[in-house]
Amino acid sequence: MGTKSYATVISNAQVMLGGIQANEASLSKRGIDKAFAGNLQADIDACITLNNEQETLKAQLKEKTDELGKRLASLEKQAGEARKIIKLDIPQALWREFGINDKR
């Protein structure tokens, strides 16, 4: 069995919190009191906030990854054009100066 998703864990905790609040009188004898419920609610709220922040960061990462991919494609195109020109205009003995290690 796999791990539970964040949404499942949060949802289950919210349902549990509702049950705890509805049955507070009988559960307080065992240590599950208002303070416990408050801590549980605080953890639920923090997890929701952190999950939202994480989703925002994932979206930003996708945008940056796409931007990087486009820039790398542009860089490769420009470097390829420069390589062709260098190979036509510069003697082969000097190609290494430009990072070209081709034999021909």
Side-chain angles (χ1 to χ4, degrees):
M1 197 172 195
T3 60
K4 296 179 184 177
S5 70
Y6 296 149
T8 301
V9 173
I10 291 169
S11 177
N12 289 345
Q14 287 172 324
V15 171
M16 182 177 287
L17 179 61
I20 288 170
Q21 290 170 335
N23 297 287
E24 188 178 316
S26 62
L27 293 173
S28 64
K29 300 173 204 167
R30 297 280 188 175
I32 298 181
D33 54 7
K34 284 187 187 258
F36 183 91
N39 288 338
L40 185 58
Q41 182 65 58
D43 281 346
I44 291 169
D45 294 342
C47 286
I48 290 170
T49 299
L50 290 169
N51 187 48
N52 291 340
E53 289 174 6
Q54 183 185 43
E55 292 301 322
T56 300
L57 291 170
K58 284 180 189 177
Q60 290 173 352
L61 177 61
K62 282 188 173 198
E63 288 175 359
K64 289 295 179 183
T65 301
D66 290 343
E67 185 180 337
L68 174 61
K70 290 174 185 174
R71 286 292 199 156
L72 283 173
S74 174
L75 177 62
E76 286 181 325
K77 182 179 176 185
Q78 288 182 33
E81 289 174 15
R83 179 185 187 95
K84 289 176 188 175
I85 293 168
I86 290 166
K87 288 175 109 177
L88 290 173
D89 288 352
I90 303 293
Q92 183 178 354
L94 301 176
W95 287 0
R96 285 187 171 249
E97 180 180 349
F98 299 94
I100 301 172
N101 296 319
D102 295 354
K103 301 283 184 199
R104 301 173 12 125

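Just so you know, these numbers use all the heavy atoms, side chains as well, and skip hydrogens, waters and symmetry mates. None of these values were measured; they are calculated from a predicted model.
Residues Leu17 and Ala37 come closest through the heavy atom pair CD1-O, 3.6 Å. For the residue pair Trp95 and Asp102, the shortest heavy atom distance occurs at CE3-O, 3.8 Å. Leu94 and Phe98 get closest at one heavy-atom pair: O-CD1, 3.5 Å.
Placement of Leu68 and Leu61 in two distinct hydrophobic clusters is found when ILVMFWY residues are connected by side-chain heavy-atom separations under 4.5 Å, directly or transitively. Neither Leu50 nor Ile48 shares a network with the other; the hydrophobic side chains, linked directly or stepwise wherever heavy atoms of I, L, V, M, F, W or Y lie under 4.5 Å apart, form separate groups for each.
Atom CD1 of Ile10 and atom CG of Asn51 lie 5.0 Å apart (nearest 0.5 Å). With values rounded to the nearest 0.5 angstrom, Met16 atom CE is found 6.0 Å from Ile20 atom CD1. Distance check: Asp45 CG to Leu40 CG gives 9.5 Å after rounding to the nearest 0.5 Å.
The environment of Tyr6 atom OH is sparse: at most 12 non-hydrogen atoms of other residues, nucleotides or ligands sit within 6.0 angstrom.
Residue pairs satisfying the salt bridge (charged side-chain N to carboxylate O under 4.0 Å, His left out) criterion with at least one member in residues 10-32, sequence neighbours excluded, are listed as follows: Glu24-Lys34. Within the structure, salt bridge (charged side-chain N to carboxylate O under 4.0 Å, His left out) contacts touching residues 47-69 (residues at least two apart or in different chains) are Glu55-Lys58, Lys64-Glu67.
The side-chain heavy atoms of Lys4 and Asn12, taken from C-beta on, include a pair separated by under 4.5 Å.
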